[in-house]
J.: 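Please read through the structure below; I'll follow up with questions.
Lettering of chains follows the sequences in order, A, B, ..., and the numbering in each one begins at 1.
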Amino acid sequence: MRLLLHIVMDMASELVESWKVIQAQLRQQMVVKPIKKLPRFVAGADMAFAKNKRLAFAVAVVFDRTEQRIVEVATTCKELEYPYIPGYLSFREGPALLEVIGKLRHSWGVLMCDGQGFAHPRRCGLACYVGIKLDVPCIGVGKSRLIGTFDEPRTKAGDWSELRDKEETIGIALRTQDGTRPVFVSVGHRSDLESARQLVLACCTKHRVPEPTRQADAEVSLFKKKKLGEIPG
DNA sequence: GCGACAG
DNA sequence: ATCTTGTCGC
């Protein structure tokens, strides 16, 4: 029986090794450059899960910064193939996110993902995975840190400090509201850190988490509740 | 060997 | 992330 355990372990490590290769390949395609003008329409995406089930719910929204409101909501359900493994979140959530973002009909200029982008062990977090796969501008906004060290930013909204791994700057810890914990911003694709910082701050009009991902989180919560209600099993 | 560890 | 009600604080 212990032999079976070893076989499963070997399969798992081979899978992770293949994921490392994919991350390295995607990383080579990553483009870092300024976003000339912060777009009016910003897309946001998030997911929710059903406890003890492998069903996942994904939502993508388009936020209008001018009108300060959501102009579109897209949804989808999908079976999860893998568990959450730190450093490999994109293989669990990526497929459903790519699918739901593809359902958006309204135009948008940049996507904000719930998680890290460049601030990742191999510099290829979820925001890089999604941004590169779709080849669209993408920014990673994590509510907590994956890797790196940082000094606590000053106390005011807009204050920030560098998030570093060794000697490399991989992102920033950005205080988006007075008296709240900072969020972790990093480049996903077709953006640079400065543009990412400005856009995230511009989208934090009332809360710690920027509107696109905050609204996506609220919408996916509703979608999950509605979906679990109509298909009990 | 002992922690740390996006969602 | 998810399981969960009321409750402490600005």
J.: Starting from P on dA4(B), measure out to CG on Asp165(A) and report it in whole angstrom.
T.: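 After rounding, the reported distance stands at 17 Å.
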J.: Does Ala48(A) reach a base, just sugar-phosphate, or nothing at all? Heavy atoms under 4.0 Å.
T.: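 Touches sugar-phosphate only.
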J.: Starting at CG of Asp114(A) and ending at P of dA6(B), how long is that distance when rounded to a whole Å?
T.: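 In whole Å, dA6(B) P and Asp114(A) CG are 12 Å from each other.
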J.: In whole angstrom, what separates Asn52(A)'s CG from dC3(C)'s C1'?
T.: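 That distance rounds to 10 Å.
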J.: Determine, step by step, whether Ser90(A) and Gln23(A) satisfy the side-chain contact (heavy atoms from CB on, under 4.5 Å) criterion, reporting the C-alpha distance in whole Å, the side-chain angles of both residues, the deciding distance to 0.1 Å, and the verdict.
T.: CA-CA 10 Å; Ser90(A) 53; Gln23(A) 290 179 328; 4.3 Å; yes
J.: Check the surroundings of atom NZ in Lys225(A): do more than 12 heavy atoms from other residues, nucleotides or ligands lie under 6.0 Å from it?
T.: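 Count not over threshold, so no.
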J.: State the CD-CZ distance between Glu152(A) and Arg175(A), to the nearest 0.5 angstrom.
T.: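 One gets 5.0 Å once the value is rounded to the nearest 0.5 Å.
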J.: Rounded to the nearest angstrom, tell me the gap between atom CZ in Arg54(A) and atom C1' in dT2(C).
T.: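 Atom-to-atom, Arg54(A) to dT2(C), this comes out as 17 Å.
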J.: Base, sugar-phosphate, or nothing for Gly179(A), non-hydrogen atoms under 4.0 angstrom?
T.: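 Touches nothing.
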J.: Scan Gly125(A) against the nucleic acid and name what it touches under 4.0 Å (heavy atoms): base, sugar-phosphate only, or nothing.
T.: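 Contact class for Gly125(A): base.
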J.: Please give, in whole Å, the distance from dC5(B) C1' to Ile170(A) CD1?
T.: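 Distance, rounded to whole Å: 13 Å.
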J.: Whole angstrom is fine here: how far is it from CG in Leu80(A) over to P in dT2(C)?
T.: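 The answer, rounded to whole Å, is 11 Å.
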J.: Just how far is it from atom CG of Asp192(A) to atom NZ of Lys33(A), taken to the nearest 0.5 Å?
T.: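 Rounded to the nearest 0.5 Å, the CG-NZ separation comes to 10.5 Å.
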J.: Counting side-chain heavy atoms from CB outward, which of dA6(B), dT2(C), dG7(B) is closest to Leu146(A)?
T.: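 Of dA6(B), dT2(C), dG7(B), dA6(B) is nearest to the side chain of Leu146(A).
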J.: Could you give the NZ-to-P distance, from Lys51(A) to dA1(C), as a whole number of Å?
T.: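 Whole-Å distance recorded here is 16 Å.
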J.: With rounding to the nearest 0.5 angstrom, report the CD to CG distance, Gln198(A) to Leu193(A).
T.: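 It comes to 11.0 Å.
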J.: Quick check for you: among dA6(B), dA1(C), dC3(C), whose closest atom lies nearest to any side-chain atom of Phe49(A)?
T.: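 Selected nucleotide: dA1(C).
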J.: Taking the six-membered ring for Trp and the full ring for Phe, Tyr or His, determine whether the centres of Phe184(A) and Phe150(A) are under 6.0 Å apart.
T.: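 For Phe184(A) and Phe150(A), the ring centres are under 6.0 Å apart.
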J.: Measure from the side chain of Lys143(A), starting at C-beta and using heavy atoms only, and say which of dA6(B), dT2(C), dA1(C) lies closest.
T.: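 Out of dA6(B), dT2(C), dA1(C), the nucleotide with an atom closest to Lys143(A)'s side chain is dA1(C).
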J.: Which stems does DNA chain B form, counting runs of 3 or more consecutive Watson-Crick or G-U wobble pairs with both distances under 3.5 Å?
T.: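 Consecutive-pair runs (3 or more) involving DNA chain B: none.
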J.: Establish, with yes or no, whether the OP1 or OP2 oxygen of dG7(B) is under 4.0 angstrom from a side-chain nitrogen or oxygen of Ser144(A).
T.: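 Affirmative; the distance criterion is met.
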J.: So what does Phe57(A) touch, heavy atoms closer than 4.0 Å: a base, only the sugar-phosphate, or nothing?
T.: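 Counting heavy atoms under 4.0 Å across all strands, no contact is made by Phe57(A).
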J.: For the CD1 atom of Ile147(A) and the CZ atom of Arg123(A), what is their distance to the nearest 0.5 Å?
T.: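 Rounded to the nearest 0.5 Å, the CD1-CZ separation comes out at 5.0 Å.
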J.: Between Leu126(A) (CG) and dC5(B) (C1'), how many Å, whole number?
T.: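 Taking CG of Leu126(A) and C1' of dC5(B), I get 16 Å after rounding.
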J.: Of the candidate nucleotides dG7(B), dC3(C), dA4(B), which contains the atom at the shortest distance from the side chain of Arg145(A)?
T.: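 Of dG7(B), dC3(C), dA4(B), dA4(B) is nearest to the side chain of Arg145(A).
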